[in-house]
Amino acid sequence: MDATAASLLLDHHARNARDLPWRTSPRDPYRTWLSEVMLQQTTVATVTPRFLRFVERWPTVEALAGAADEEILGEWAGLGYYARARNLIACAREVALRGSFPRSEAELRKLPGLGAYTAAAVAAIAFGEDAVAIDTNVERVAARVFGIADRQAAGEAARGWFPEGRHGDFAEALMDLGSAICRPKAPNCAACPISSACTAFALGTPEAFPAPKVKKERPHRFGIAWWIRRGGDVWLVRRPAKGLLGGMAALPGPEWSDQRPTVNPVAIHRHGFTHFTLDLMVVPAAEPPEGEGWWQDLSHLGSAGLPTLYRRAAQAALAAEREPRLAA
DNA sequence: AACTCGTGGTA
DNA sequence: TTACCAAGAGT
């Protein structure tokens with residue numbers, strides 16, 4: 001894409017930019033950072049309501065830095081990729097300690113949770129630096145415009161597109177284009193402002209670019225979740241700070257296994273993770289196991305901060321209590 | 001460099 | 001139902 005096509009894209013974006021709650025005027029570094037971290041591997045539709053809850057509860061990075069870990073992890077529950085929330089907490093406290101966000105891509109890159117993309121995005125969007133933010137949208141658009149199959153190579157080739165002094169606007173223009181028009185499936189080339197500069201469009205096979213990712217097989221694993229009732233409460237625990245669902249509230253249970261356990265569950269909840277499928281057997285137990293935990297009021301289970309796996313497993317157990325014959 | 005790490009929407 | 005994949009980062 002030449003300077004003319006880049007200009008066409010910026011004009012199109014000026015007229016069609018989505019009105020998103022983190023696009024304030026002027027841009028707020030806190031909102032820019034928070035939204036970019038939430039948007040890592042997560043759709044705008046999913047992020048928007050969660051972002052609004054976060055900024056209502058914690059309007060500034062100082063407020064967020066002052067919150068307890070469990071409060072923030074609980075507010076993140078259901079968003080997935082919980083290392084992001086742990087890094088969010090560490091980053092907020094580091095920023096609060098130093099007084100403000102660093103303003104350069106290089107310094108932002110040193111903060112926890114800010115990788116190559118996010119550091120460049122915050123630098124360009126919030127601080128106006130000419131940093132190049134290459135995300136999966138930019139890679140896909142570039143793969144099609146250049147007719148390059150390789151995602152990463154296409155992304156590198158797109159670096160030359162970014163107009164001087166407008167790197168933030170241009171990154172957002174490319175991302176909006178990628179989500180609304182140059183979609184992975186069924187791209188709407190008829191509405192694309194730069195189709196005349198697009199190799200894949202000229203070839204008539206836009207969906208052929210970029211090359212599909214190689215798929216790995218997803219193994220099956222098994223787990224047990226103890227379902228321990230006392231009156232209107234259920235016993236919950238906090239998972240270890242690192243690893244899968246690290247630091248999150250959970251139903252207690254032993255480590256997951258490759259072998260199906262021989263138990264008598266009231267419910268079996270199947271849950272798909274990125275790299276394996278889990279069958280979680282929910283098994284009634286009389287007493288809490290050794291170790292820390294708390295009784296959670298079942299009428300407030302929705303605000304218990306449970307990740308989706310355990311929220312759904314608990315729902316299945318409750319449904320089985322009401323309709324035992326429909327269990328599992 | 002390959003693997004880990006969630007979830008929901010869409011076709 | 002299955003498969004794909006989204007504003008990636010950390011190790």
Quiz item: Does the side chain of Trp227(A) pick up a donor-acceptor pair with the side chain of Glu321(A) at under 3.5 Å?
Solution: yes
Quiz item: To the nearest angstrom, how far is Leu309(A) atom CG from dG8(B) atom C1'?
Solution: 15 Å
Quiz item: Do the charged groups of Glu56(A) and Arg53(A) touch, with an N to O distance under 4.0 Å?
Solution: no
Exercise. Could you verify whether a donor N or O on one side chain and an acceptor N or O on the other, from His269(A) and Asp279(A), lie under 3.5 Å apart?
Key: no
Exercise. Figure out the CZ/P separation between Arg109(A) and dG8(C), and round it to whole Å.
Key: 14 Å
Quiz item: Using atom C1' of each nucleotide, how far apart are dA2(B) and dA7(C) to the nearest Å?
Solution: 23 Å
Practice problem: Using a heavy-atom cut-off of under 4.0 Å over every strand shown, decide if Ala171(A) touches base, sugar-phosphate, or nothing. | Solution: nothing
Self-check item: Short side-chain donor-acceptor distance under 3.5 Å, Thr136(A) and Arg151(A)
Solution: yes
Self-check item: Those residues of residues 5-27 of chain A lying under 4.0 Å from DNA chain C by at least one heavy atom
Solution: Leu20(A), Trp22(A), Arg23(A)
Listed pairs, N/O of protein and of nucleotides 1-4 of chain C, under 3.5 Å:
{"residue": "dC4(C)", "atom": "OP1", "partner": "Lys215(A)", "partner atom": "NZ", "Å": "3.4"}

Quiz item: Could Arg260(A) and Phe222(A) be counted as a cation-pi pair, given that NZ or CZ must be under 6.0 Å from the ring centre and within 45° of the axis?
Solution: no
Exercise. Check step by step if side chain to side chain contact (heavy atoms under 4.5 Å, CB included) holds for Trp226(A) and Leu251(A).
Key: CA-CA 6 Å; Trp226(A) 304 118; Leu251(A) 293 170; over 6 Å; no
Exercise. Name the nucleic acid region contacted by Thr118(A), choosing base, sugar-phosphate or nothing; use a 4.0 angstrom heavy-atom cut-off, strictly under.
Key: sugar-phosphate
Quiz item: Heavy atoms under 4.0 Å, any strand shown: does Pro307(A) hit a base, just sugar-phosphate, or nothing?
Solution: sugar-phosphate
Quiz item: Just how far, in rounded Å, is C1' of dC5(C) from CZ of Phe273(A)?
Solution: 18 Å
Quiz item: Whole-Å distance between dA1(B) C1' and Gln152(A) CD?
Solution: 11 Å
Quiz prompt | Note, Trp295(A) side chain near Leu236(A) side chain (heavy atom, < 4.5 Å) | solution = no
Self-check item: Between C1' of dA7(C) and CZ of Arg31(A), the distance in whole Å
Solution: 17 Å
Quiz item: Base, sugar-phosphate alone, or nothing: which one does Arg218(A) contact when heavy atoms must sit under 4.0 Å apart?
Solution: nothing
Quiz item: Between atom NE2 in His269(A) and atom P in dG6(B), what is the gap in whole Å?
Solution: 15 Å
Quiz item: Just checking, any donor-acceptor pair under 3.5 angstrom between side chains of Arg239(A) and Tyr310(A)?
Solution: yes
Quiz item: Within this structure, what is the CD-to-P distance between Glu105(A) and dA9(C), rounded to whole angstrom?
Solution: 11 Å
Self-check item: Near-strand residues of residues 128-143 of chain A, defined as heavy-atom separation under 4.0 angstrom from DNA chain C
Solution: Asp135(A), Thr136(A), Asn137(A), Arg140(A)
Quiz item: With a 3.5 Å cut-off and no angle check, do the side chains of Tyr117(A) and Gln40(A) form a donor-acceptor pair?
Solution: no
Quiz prompt | salt_bridge(Arg50(A), Glu75(A)) N-O dist < 4.0 Å | solution = no
Quiz item: Mapping Gly272(A) and Lys216(A) onto DNA chain B by nearest heavy atom, which one lands closer to the 5' end?
Solution: Lys216(A)
Self-check item: Option from Leu88(A), Asn87(A), Ile89(A) for which side-chain contact (heavy atoms from CB on, under 4.5 Å) with Pro112(A) holds
Solution: Asn87(A)
Quiz item: Salt bridge check: are Arg23(A) and Asp28(A) linked by an N-O gap of less than 4.0 Å?
Solution: no
Quiz item: With ring centroids as reference points, do Phe54(A) and Trp22(A) lie under 6.0 angstrom apart?
Solution: no
Quiz item: Where each residue is assigned the nucleotide of DNA chain C containing its nearest heavy atom, which of Glu36(A) and Leu114(A) is assigned the position nearer the 5′ end?
Solution: Glu36(A)
Quiz item: Residues from residues 74-95 of chain A sitting under 4.0 Å of DNA chain B, heavy atoms only?
Solution: Gly78(A), Leu79(A), Gly80(A), Tyr81(A), Tyr82(A)
Quiz item: Looking at residues 38-49 of chain A, who's got a heavy atom less than 4.0 Å off DNA chain C?
Solution: Leu39(A), Gln40(A), Gln41(A)
Quiz item: Does the side chain of Ser104(A) pick up a donor-acceptor pair with the side chain of Arg109(A) at under 3.5 Å?
Solution: no
Exercise. Please work out if Thr308(A) contacts a base, only the sugar-phosphate, or nothing of the nucleic acid, heavy-atom cut-off 4.0 Å.
Key: sugar-phosphate
Quiz item: DNA chain B: Arg311(A) or His275(A), which has the more 5' nearest nucleotide?
Solution: His275(A)
Quiz item: How long is the line joining CG of Leu306(A) and P of dT7(B), in whole Å?
Solution: 11 Å
Quiz item: With a 3.5 Å cut-off and no angle check, do the side chains of Thr43(A) and Thr46(A) form a donor-acceptor pair?
Solution: yes
Self-check item: Qualifying salt bridge (Lys or Arg N to Asp or Glu O under 4.0 Å) pairs with a residue from residues 157-169 of chain A, counting only residues at least two apart or across chains
Solution: Glu156(A)-Arg159(A), Arg166(A)-Asp169(A)
Exercise. Decide, yes or no, whether a salt bridge links Arg18(A) with Asp176(A) under the criterion of side-chain N to carboxylate O below 4.0 Å.
Key: no
